[in-house]
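Within every chain, numbering begins at 1; the chains are lettered A, B, ... in the order of the sequence lines, protein sequences first and strands thereafter.
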2 protein chains.
Amino acid sequence: MSPARRGQDTRDRVVGAAASLYRRQGCAGTGLAQIAQESGTRVGSIYHFFGGGKDALTEEVVRTSGAAYGALVAGILAEGPEDPVEALGAAFGRAADDLAASGYADACPIATIALEVASTHEPLRRATAEVFGEWLVGLTAFCRGVVDDEAVARDLATAVLTMLEGAFVLSRAARDTTALHAAGRGVVVLASALRDTHAAQD
Amino acid sequence: MSPARRGQDTRDRVVGAAASLYRRQGCAGTGLAQIAQESGTRVGSIYHFFGGGKDALTEEVVRTSGAAYGALVAGILAEGPEDPVEALGAAFGRAADDLAASGYADACPIATIALEVASTHEPLRRATAEVFGEWLVGLTAFCRGVVDDEAVARDLATAVLTMLEGAFVLSRAARDTTALHAAGRGVVVLASALRDTHAAQD
DNA sequence: GTCTATATCCGGATAGAC
DNA sequence: GTCTATCCGGATATAGAC
């Protein structure tokens, strides 16, 4: 393992530790010292990799964990039931299981950051908006398996994402998965209703 | 105006300023010095009213702004269209207007706090969970005007609240109201579909 | 009840040895 | 690339004059 490769590892560990801590405590509630400790390095090393300081690290966390979570959800949907409506419902059940298994910590990796920075830090706000936008592109493509109309599919995708995000808020606060399961049932009813009125021609 | 009454005013101003700042910056991102400045008082005075320090103040903010927002939403629904399904949809339009009018700052008053404290501060987590629970009670009662079945009404209420919370996250991040409007359309479709299958006998 | 002053600690950030 | 040491500001919190 070359020194350059070790450096890359350290950088990745810093991003991973920051992502994990941000997800549970938010950005403002997480200090660089804690990130350094959790990743087994020093604050000085963080500044070696992220000349822009905490803001630069946070932006990278948003982008990398946003991409990772988008891929995770896409994989779950792809491996789920063949009927896309059922697959959407099953994904909420899977999200509920994962959330409970993590002690109600691992929900959306960027939602807390998004709310914290929305009115306080324009570059980070843009980064979160772009991640949500990319997720919506993928979800809309999936929803076109339910309704062929592009605009209706995007509406459905947006509704699905809002229900997932909102259910994460309620479920983490309540420390139970009823909100996620109720949202999953709602998604199935909504998607079915849209499929009935805007039949997909496949 | 008696001194006791003035004291009450100061206390109220502190809670109001903290609520406003928390809504935009979150709890961890807001300092007591800023709250004191915004409410025209001193940090020492905050400790005079809140012996428990920032945690005690934060809990009061959660409970009072939670109650206020619950009453606001109830009023909007009561004054909206007579058809409860249309009233739900209209409420999302109203939320979109209010959010944009406030520069995308005034969304849910406790969502940011809820995500910040969910895994870090058990008493505050409970406080946010209780507020969400009270909102759900009121929303479920309203939804019984759509579907008579108690369990279905609660499912619908939960779905509506998740869509509102999630749409607030997406709309604040994007600084546009498309998510709120899409969620509003989704709520109307979902509520209509449930009304059709579980007809309310009124 | 309100204000000043301050204690104590932790935040982000930096310089420079190695 | 990594580590130590440190600066400086802001954080919560407290003591006590008025």
*F49(B) side chain, from C-beta outward: closest of dG1(C), dT2(D), dT4(C)*: dG1(C)

*asked:* Heavy atoms from C-beta onward define the side chain here; which of dT12(D), dG1(C), dG12(C) lies closest to that of L32(A)?
replied: dG12(C)

_As a test of reading the structure: which of dC3(D), dG1(C), dT12(D) is closest to the side chain of T41(A), going by heavy atoms?_
dC3(D)

*Taking atom P of dA11(D) as reference, at what distance in whole Å does atom CD of Q34(B) sit?*
8 Å

*For atom CD of Q37(B), is the number of surrounding heavy atoms from other residues, nucleotides or ligands below 6.0 Å larger than 12?*
no

*So which one's nearest nucleotide on DNA chain C is more toward 5', S45(B) or G51(A)?*
S45(B)

*Nearest to the side chain of V43(A), which nucleotide is it out of dA13(C), dA11(D), dC3(D)?*
dA13(C)

*R23(A) side chain to A107(A) backbone, donor-acceptor under 3.5 Å*: yes

*Separation of atom CZ in F50(B) from atom P in dG1(C), rounded to whole Å*: 13 Å

*Does T10(B) have a side-chain nitrogen or oxygen under 4.0 Å from the phosphate oxygens OP1 or OP2 of dT2(C)?*
yes

*Are V188(A) and F92(A) close enough that some pair of their side-chain heavy atoms sits under 4.5 Å apart?*
no

*Are Y47(A) and dT14(C) close enough that a side-chain N or O sits under 4.0 Å from OP1 or OP2?*
no

*Is a side-chain N or O of R172(B) found less than 3.5 angstrom from the main chain of Y104(B), in a donor-acceptor match?*
yes

